[in-house]
Amino acid sequence: MSTSFSSLPFVDLSALSSSTNPEENHKLGKQLYDVFSTTGFAYLVNTPLSFSHGEVLDLAREFFSLPMATKMEVAKHAFKKDNTNTYHGYFPPQPGSPDNLKEGFEIGPSEPPSDPAAVLHRDINLNEANVWPAESAYKSRHKLEKLHGELQALSYQLLSLLAVSLGKPAEHFAHYLQHSISTLRLLHYPPQEIKTANTARDEQEARLCCTPHTDSGILTLLHQDATGGLEVLNAAGAWIQAPYVADSIVVNIGDLMARVSGGRFVATMHRVKASIRGQGVGRMGRFSVPFFFEPGENCVIKSVDGDDEGVLYGHHVRAKMSSWVEFQGHEDGEERLPGRY
Ligand SMILES: O=C(O)CCC(=O)C(=O)O
Ligand SMILES: [Fe+2]
(Lines give C-alpha, C1' and ligand atoms only; values in the text may rest on other atoms or scores of the structure.)
(Ligands and ions follow the chains in the order given, each with its own letter.)
Protein backbone atom coordinates (compact mmCIF):
# COMPACT_ATOMS: atom_id res chain seq x y z
CA MET A 1 0.00 0.00 0.00
CA SER A 2 1.67 3.22 -1.13
CA THR A 3 1.98 5.82 1.64
CA SER A 4 2.29 9.60 1.87
CA PHE A 5 6.06 9.41 2.39
CA SER A 6 8.07 12.66 2.29
CA SER A 7 11.49 11.23 1.42
CA LEU A 8 12.89 7.95 0.16
CA PRO A 9 14.15 5.38 2.69
CA PHE A 10 17.69 4.01 2.73
CA VAL A 11 18.59 0.35 2.58
CA ASP A 12 22.12 -0.57 3.61
CA LEU A 13 23.36 -3.58 1.63
CA SER A 14 26.60 -4.14 3.61
CA ALA A 15 25.28 -7.52 4.69
CA LEU A 16 25.21 -8.74 1.06
CA SER A 17 28.98 -8.70 0.73
CA SER A 18 30.02 -9.21 4.34
CA SER A 19 27.72 -11.93 5.55
CA THR A 20 26.08 -15.14 4.58
CA ASN A 21 24.26 -15.13 7.88
CA PRO A 22 20.67 -16.18 7.13
CA GLU A 23 19.35 -13.95 9.91
CA GLU A 24 21.00 -10.86 8.43
CA ASN A 25 19.60 -11.73 5.02
CA HIS A 26 16.18 -12.27 6.48
CA LYS A 27 16.32 -8.83 8.12
CA LEU A 28 17.38 -7.24 4.84
CA GLY A 29 14.61 -9.04 2.95
CA LYS A 30 12.07 -7.78 5.45
CA GLN A 31 13.37 -4.23 5.07
CA LEU A 32 13.14 -4.46 1.27
CA TYR A 33 9.62 -5.86 1.61
CA ASP A 34 8.69 -2.86 3.77
CA VAL A 35 10.06 -0.24 1.37
CA PHE A 36 8.65 -1.89 -1.74
CA SER A 37 5.22 -2.17 -0.16
CA THR A 38 5.16 1.50 0.96
CA THR A 39 7.31 3.82 -1.19
CA GLY A 40 8.20 1.34 -3.95
CA PHE A 41 11.48 3.29 -4.18
CA ALA A 42 14.64 3.44 -2.02
CA TYR A 43 18.29 4.45 -1.97
CA LEU A 44 20.64 1.47 -1.81
CA VAL A 45 23.94 2.19 -0.04
CA ASN A 46 27.04 0.04 0.48
CA THR A 47 26.25 -2.04 -2.58
CA PRO A 48 28.60 -4.87 -3.59
CA LEU A 49 29.47 -3.29 -6.98
CA SER A 50 33.15 -2.97 -7.89
CA PHE A 51 32.40 0.32 -9.73
CA SER A 52 32.28 3.60 -7.80
CA HIS A 53 29.26 5.80 -8.46
CA GLY A 54 31.50 8.30 -10.27
CA GLU A 55 32.92 5.60 -12.55
CA VAL A 56 29.42 4.59 -13.65
CA LEU A 57 28.38 8.17 -14.49
CA ASP A 58 31.69 8.74 -16.30
CA LEU A 59 30.78 5.87 -18.62
CA ALA A 60 27.66 7.80 -19.66
CA ARG A 61 29.49 11.14 -20.00
CA GLU A 62 32.18 9.48 -22.09
CA PHE A 63 29.74 7.79 -24.46
CA PHE A 64 27.66 10.89 -25.13
CA SER A 65 30.74 13.03 -25.75
CA LEU A 66 31.52 10.88 -28.82
CA PRO A 67 30.93 12.64 -32.16
CA MET A 68 27.34 12.30 -33.38
CA ALA A 69 28.60 10.38 -36.46
CA THR A 70 30.20 7.75 -34.20
CA LYS A 71 27.03 7.40 -32.11
CA MET A 72 24.92 7.13 -35.25
CA GLU A 73 27.06 4.20 -36.44
CA VAL A 74 25.35 2.18 -33.72
CA ALA A 75 21.91 3.79 -34.01
CA LYS A 76 18.90 1.51 -33.85
CA HIS A 77 17.25 0.56 -37.12
CA ALA A 78 14.40 3.02 -36.42
CA PHE A 79 16.91 5.85 -36.68
CA LYS A 80 19.27 4.42 -39.32
CA LYS A 81 17.72 2.08 -41.82
CA ASP A 82 21.02 0.44 -42.87
CA ASN A 83 21.50 -0.89 -39.35
CA THR A 84 19.87 -4.16 -38.37
CA ASN A 85 19.97 -3.66 -34.57
CA THR A 86 16.44 -3.03 -33.33
CA TYR A 87 16.54 -3.32 -29.52
CA HIS A 88 20.12 -2.37 -28.62
CA GLY A 89 22.23 0.60 -29.62
CA TYR A 90 21.91 4.37 -29.77
CA PHE A 91 18.82 6.53 -30.03
CA PRO A 92 19.27 10.24 -30.78
CA PRO A 93 17.25 13.16 -29.44
CA GLN A 94 14.14 13.87 -31.49
CA PRO A 95 11.84 16.86 -31.69
CA GLY A 96 8.47 16.86 -30.00
CA SER A 97 7.47 16.04 -26.47
CA PRO A 98 9.91 16.43 -23.54
CA ASP A 99 10.56 12.68 -23.44
CA ASN A 100 11.99 12.84 -26.95
CA LEU A 101 14.80 15.23 -26.10
CA LYS A 102 16.95 12.60 -24.41
CA GLU A 103 19.59 10.50 -26.13
CA GLY A 104 20.42 6.99 -25.01
CA PHE A 105 22.57 3.92 -25.58
CA GLU A 106 21.39 0.46 -24.57
CA ILE A 107 23.10 -2.88 -24.19
CA GLY A 108 21.92 -6.32 -23.16
CA PRO A 109 24.03 -9.21 -21.79
CA SER A 110 27.50 -9.54 -23.37
CA GLU A 111 26.60 -13.03 -24.61
CA PRO A 112 23.26 -12.70 -26.42
CA PRO A 113 20.79 -15.04 -24.70
CA SER A 114 20.45 -17.34 -27.80
CA ASP A 115 17.10 -18.49 -26.57
CA PRO A 116 16.11 -21.44 -28.80
CA ALA A 117 12.46 -20.46 -28.43
CA ALA A 118 13.06 -16.77 -29.18
CA VAL A 119 10.45 -15.25 -31.41
CA LEU A 120 11.93 -13.80 -34.56
CA HIS A 121 9.70 -10.82 -34.49
CA ARG A 122 9.21 -8.74 -37.57
CA ASP A 123 10.10 -5.55 -35.81
CA ILE A 124 12.16 -5.99 -32.70
CA ASN A 125 14.61 -8.73 -31.75
CA LEU A 126 14.86 -8.79 -27.96
CA ASN A 127 17.69 -11.34 -28.14
CA GLU A 128 20.01 -9.53 -30.52
CA ALA A 129 23.74 -9.03 -29.89
CA ASN A 130 25.05 -5.71 -28.65
CA VAL A 131 26.43 -3.15 -31.06
CA TRP A 132 29.56 -1.11 -30.34
CA PRO A 133 31.35 1.82 -31.93
CA ALA A 134 34.72 0.87 -33.50
CA GLU A 135 37.32 0.07 -30.86
CA SER A 136 39.54 2.88 -32.12
CA ALA A 137 36.76 5.37 -31.21
CA TYR A 138 35.45 3.80 -28.04
CA LYS A 139 37.42 1.93 -25.38
CA SER A 140 34.89 1.28 -22.62
CA ARG A 141 33.02 -1.70 -24.04
CA HIS A 142 34.45 -4.12 -21.50
CA LYS A 143 33.65 -1.84 -18.58
CA LEU A 144 30.02 -1.58 -19.68
CA GLU A 145 29.79 -5.35 -20.14
CA LYS A 146 31.23 -5.86 -16.65
CA LEU A 147 28.83 -3.32 -15.15
CA HIS A 148 25.89 -5.09 -16.81
CA GLY A 149 27.03 -8.39 -15.26
CA GLU A 150 27.41 -6.89 -11.78
CA LEU A 151 24.01 -5.15 -11.88
CA GLN A 152 22.42 -8.39 -13.06
CA ALA A 153 23.98 -10.27 -10.13
CA LEU A 154 22.89 -7.58 -7.65
CA SER A 155 19.34 -7.59 -9.03
CA TYR A 156 19.14 -11.34 -8.57
CA GLN A 157 20.47 -11.09 -4.99
CA LEU A 158 17.68 -8.61 -4.26
CA LEU A 159 15.10 -10.85 -5.95
CA SER A 160 16.22 -13.81 -3.83
CA LEU A 161 15.72 -11.75 -0.67
CA LEU A 162 12.31 -10.63 -1.95
CA ALA A 163 11.34 -14.24 -2.71
CA VAL A 164 11.97 -15.18 0.93
CA SER A 165 10.16 -12.07 2.16
CA LEU A 166 7.17 -13.21 0.09
CA GLY A 167 7.22 -16.62 1.76
CA LYS A 168 8.97 -18.49 -1.09
CA PRO A 169 12.33 -20.27 -1.34
CA ALA A 170 15.29 -18.01 -2.22
CA GLU A 171 15.47 -19.68 -5.67
CA HIS A 172 11.84 -18.96 -6.49
CA PHE A 173 12.78 -16.48 -9.25
CA ALA A 174 15.80 -18.42 -10.58
CA HIS A 175 14.03 -19.09 -13.89
CA TYR A 176 14.04 -15.33 -14.55
CA LEU A 177 17.78 -15.63 -15.17
CA GLN A 178 17.42 -18.12 -18.01
CA HIS A 179 17.99 -16.23 -21.30
CA SER A 180 17.53 -13.00 -19.34
CA ILE A 181 17.56 -9.93 -21.59
CA SER A 182 18.24 -7.24 -18.94
CA THR A 183 19.04 -3.81 -20.35
CA LEU A 184 21.72 -1.36 -19.23
CA ARG A 185 20.87 2.08 -20.52
CA LEU A 186 23.04 5.22 -20.62
CA LEU A 187 20.97 8.40 -20.74
CA HIS A 188 21.65 12.06 -21.39
CA TYR A 189 18.94 14.70 -21.08
CA PRO A 190 20.30 17.90 -22.61
CA PRO A 191 19.52 21.07 -20.63
CA GLN A 192 16.44 22.97 -21.74
CA GLU A 193 15.88 26.66 -22.36
CA ILE A 194 13.59 28.57 -20.04
CA LYS A 195 12.66 31.80 -21.76
CA THR A 196 11.20 33.76 -18.87
CA ALA A 197 12.82 34.78 -15.58
CA ASN A 198 13.35 31.98 -13.14
CA THR A 199 10.64 32.86 -10.64
CA ALA A 200 9.09 30.37 -8.25
CA ARG A 201 6.15 30.02 -10.62
CA ASP A 202 8.40 29.26 -13.60
CA GLU A 203 10.15 26.73 -11.47
CA GLN A 204 6.85 24.98 -10.91
CA GLU A 205 6.15 25.04 -14.60
CA ALA A 206 9.67 23.97 -15.56
CA ARG A 207 9.51 21.44 -18.32
CA LEU A 208 9.98 17.79 -17.68
CA CYS A 209 12.63 15.77 -19.49
CA CYS A 210 11.01 12.48 -18.53
CA THR A 211 7.23 12.43 -18.20
CA PRO A 212 5.43 10.62 -15.34
CA HIS A 213 5.53 6.84 -15.71
CA THR A 214 5.91 3.61 -13.85
CA ASP A 215 8.64 1.21 -14.99
CA SER A 216 7.13 -1.73 -16.78
CA GLY A 217 9.28 -4.64 -15.66
CA ILE A 218 10.66 -6.28 -12.55
CA LEU A 219 13.30 -4.13 -10.86
CA THR A 220 15.21 -0.97 -11.85
CA LEU A 221 18.60 0.04 -10.44
CA LEU A 222 19.37 3.68 -11.23
CA HIS A 223 22.64 5.61 -11.03
CA GLN A 224 21.82 9.32 -11.26
CA ASP A 225 24.20 12.29 -11.32
CA ALA A 226 24.11 15.32 -9.01
CA THR A 227 21.93 17.37 -11.39
CA GLY A 228 18.75 16.44 -9.54
CA GLY A 229 15.24 16.44 -10.95
CA LEU A 230 14.01 12.93 -10.15
CA GLU A 231 10.65 13.05 -8.38
CA VAL A 232 8.47 10.28 -7.00
CA LEU A 233 4.70 10.46 -6.48
CA ASN A 234 3.41 9.61 -3.01
CA ALA A 235 -0.04 8.29 -2.13
CA ALA A 236 -1.27 11.80 -1.27
CA GLY A 237 -0.52 12.92 -4.85
CA ALA A 238 2.56 15.00 -3.92
CA TRP A 239 5.76 14.85 -5.99
CA ILE A 240 8.63 14.07 -3.61
CA GLN A 241 12.16 14.98 -4.67
CA ALA A 242 14.64 12.14 -4.91
CA PRO A 243 17.94 14.06 -5.13
CA TYR A 244 21.31 12.49 -5.71
CA VAL A 245 22.69 10.94 -2.54
CA ALA A 246 26.43 10.29 -2.62
CA ASP A 247 27.35 6.78 -3.74
CA SER A 248 23.77 5.50 -3.68
CA ILE A 249 21.77 3.59 -6.28
CA VAL A 250 18.05 4.26 -6.52
CA VAL A 251 16.01 1.07 -6.71
CA ASN A 252 12.36 0.75 -7.69
CA ILE A 253 9.74 -1.83 -8.49
CA GLY A 254 8.21 -2.18 -11.97
CA ASP A 255 4.59 -3.00 -12.90
CA LEU A 256 5.30 -6.66 -13.49
CA MET A 257 6.93 -7.18 -10.08
CA ALA A 258 3.98 -5.44 -8.41
CA ARG A 259 1.83 -8.07 -10.09
CA VAL A 260 4.22 -10.92 -9.16
CA SER A 261 4.01 -9.80 -5.53
CA GLY A 262 0.25 -10.20 -5.63
CA GLY A 263 -0.16 -6.43 -5.26
CA ARG A 264 1.94 -6.28 -2.08
CA PHE A 265 4.62 -4.14 -3.77
CA VAL A 266 3.93 -0.85 -5.48
CA ALA A 267 5.24 0.34 -8.84
CA THR A 268 5.51 4.04 -8.04
CA MET A 269 5.03 6.81 -10.57
CA HIS A 270 8.11 8.97 -11.16
CA ARG A 271 9.28 11.78 -13.47
CA VAL A 272 12.35 13.93 -14.08
CA LYS A 273 12.39 17.74 -14.12
CA ALA A 274 14.55 19.22 -16.86
CA SER A 275 17.72 21.07 -15.94
CA ILE A 276 17.96 24.61 -17.23
CA ARG A 277 20.59 25.58 -19.76
CA GLY A 278 23.42 27.52 -18.17
CA GLN A 279 22.24 26.99 -14.62
CA GLY A 280 23.76 25.12 -11.70
CA VAL A 281 25.25 21.66 -11.62
CA GLY A 282 22.92 20.60 -14.41
CA ARG A 283 24.29 22.93 -17.06
CA MET A 284 25.50 19.95 -19.11
CA GLY A 285 22.12 18.34 -18.67
CA ARG A 286 21.37 15.23 -16.69
CA PHE A 287 23.23 11.94 -17.06
CA SER A 288 21.76 8.78 -15.62
CA VAL A 289 22.28 5.04 -15.94
CA PRO A 290 19.22 2.88 -15.30
CA PHE A 291 19.52 -0.90 -15.36
CA PHE A 292 16.30 -2.77 -16.05
CA PHE A 293 16.32 -6.35 -14.79
CA GLU A 294 14.46 -8.35 -17.43
CA PRO A 295 13.69 -12.09 -17.55
CA GLY A 296 13.95 -14.12 -20.76
CA GLU A 297 11.56 -13.49 -23.62
CA ASN A 298 9.77 -16.79 -22.98
CA CYS A 299 9.81 -16.66 -19.21
CA VAL A 300 6.35 -17.12 -17.72
CA ILE A 301 5.81 -14.51 -15.03
CA LYS A 302 3.25 -15.47 -12.40
CA SER A 303 1.99 -14.04 -9.15
CA VAL A 304 3.48 -15.63 -6.01
CA ASP A 305 -0.11 -16.32 -4.97
CA GLY A 306 -0.42 -18.73 -7.92
CA ASP A 307 -3.82 -17.34 -8.79
CA ASP A 308 -3.13 -16.18 -12.33
CA GLU A 309 -2.18 -17.81 -15.62
CA GLY A 310 0.91 -15.69 -15.92
CA VAL A 311 2.24 -13.66 -18.79
CA LEU A 312 5.13 -14.28 -21.18
CA TYR A 313 7.74 -11.60 -20.54
CA GLY A 314 8.24 -11.04 -24.29
CA HIS A 315 4.52 -10.34 -24.76
CA HIS A 316 4.49 -7.98 -21.83
CA VAL A 317 7.51 -5.98 -22.97
CA ARG A 318 6.39 -5.73 -26.60
CA ALA A 319 2.99 -4.44 -25.52
CA LYS A 320 4.63 -1.80 -23.32
CA MET A 321 7.18 -0.79 -25.90
CA SER A 322 4.68 0.78 -28.22
CA SER A 323 4.49 3.66 -25.72
CA TRP A 324 8.28 4.24 -25.47
CA VAL A 325 9.50 7.10 -27.65
CA GLU A 326 12.64 5.34 -28.80
CA PHE A 327 10.58 2.54 -30.34
CA GLN A 328 7.99 4.71 -31.99
CA GLY A 329 8.14 5.17 -35.73
CA HIS A 330 9.34 1.59 -36.13
CA GLU A 331 6.78 0.73 -38.73
CA ASP A 332 6.53 4.00 -40.63
CA GLY A 333 9.45 3.05 -42.86
CA GLU A 334 10.90 6.51 -42.55
CA GLU A 335 14.49 6.84 -41.51
CA ARG A 336 15.01 9.23 -38.60
CA LEU A 337 18.15 11.29 -38.68
CA PRO A 338 19.53 13.24 -35.78
CA GLY A 339 19.75 16.34 -37.93
CA ARG A 340 15.99 16.60 -38.23
CA TYR A 341 15.20 17.88 -34.76
O1 LIG B 1 16.89 9.32 -15.77
C2 LIG B 1 16.37 9.05 -14.72
O3 LIG B 1 16.85 9.40 -13.68
C4 LIG B 1 15.09 8.25 -14.66
C5 LIG B 1 14.95 7.36 -15.83
C6 LIG B 1 13.71 6.53 -15.76
O7 LIG B 1 12.87 6.68 -14.93
C8 LIG B 1 13.55 5.43 -16.74
O9 LIG B 1 14.36 5.37 -17.71
O10 LIG B 1 12.64 4.62 -16.56
FE1 LIG C 1 11.55 5.01 -14.85
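Whatever order the structure lists ligands and atoms in, that order sets their numbers, starting from 1.
Side-chain contact between Phe265 and Tyr33 is present, with at least one heavy-atom pair separated by less than 4.5 Å. Between His148 and Pro109, the closest side-chain pair of non-hydrogen atoms falls below 4.5 Å. Thr268 is not listed as a side-chain neighbour of Ile253, based on a closest heavy-atom distance of 4.5 Å or more. A 4.5 Å side-chain heavy-atom check between Ser65 and Phe63 finds every atom pair outside the cut-off.
Checked against a 3.5 angstrom limit, the closest N/O atoms of Gln224 and ligand 1 fall outside it.
Of all the atoms in ligand 1, the ones that sit under 4.0 Å from a non-hydrogen atom of Phe292 are 8 (C), 9 (O), 10 (O). The atoms of ligand 1 that sit less than 4.0 Å from any heavy atom of Leu222 are 2 (C), 3 (O). Close approach of ligand 1 to Arg286 is summarised as follows: ligand atoms under 4.0 Å from at least one heavy atom of the residue are 1 (O), 2 (C), 3 (O). Counting atoms of ligand 1 from 1 in the listed order, those under 4.0 Å from a heavy atom of Tyr189 are 1 (O), 2 (C), 4 (C), 5 (C).
Contact analysis puts His270 in contact with ligand 1, with a non-hydrogen atom separation below 4.0 angstrom.
Looking only at protein heavy atoms, the nearest one to atom 6 (C) of ligand 1 is His213 NE2, 3.8 Å.
A donor-acceptor pair shorter than 3.5 Å can be found between the side chains of Asp215 and Thr220. When only modelled atom types and interatomic distance are considered, Glu106 and Tyr87 share no side-chain donor-acceptor pair under 3.5 Å.
Looking at Asp307 and Lys302, no side-chain N of the basic residue comes within less than 4.0 Å of a carboxylate O on the acidic one, giving no salt bridge.
Taking distances strictly below 2.8 Å, the protein N/O/S atoms close to the Fe ion (ligand 2) are His213 NE2, Asp215 OD1, His270 NE2.
Contacts of Thr220 with ligand 1, taken as heavy-atom pairs under 4.0 Å, are absent altogether. With a heavy-atom cut-off of 4.0 Å, Phe287 does not touch ligand 1 at all.
Between His270 and Phe41, the ring planes are perpendicular. Angles over 60° get that label, and only those under 30° would be called parallel.
Of the residues Val272, Val289, Val250, the one that meets the side-chain contact (heavy atoms from CB on, under 4.5 Å) test with Gln224 is Val250.
Open room surrounds NE2 on His26; 12 or fewer heavy atoms of other groups in view lie less than 6.0 Å from it.
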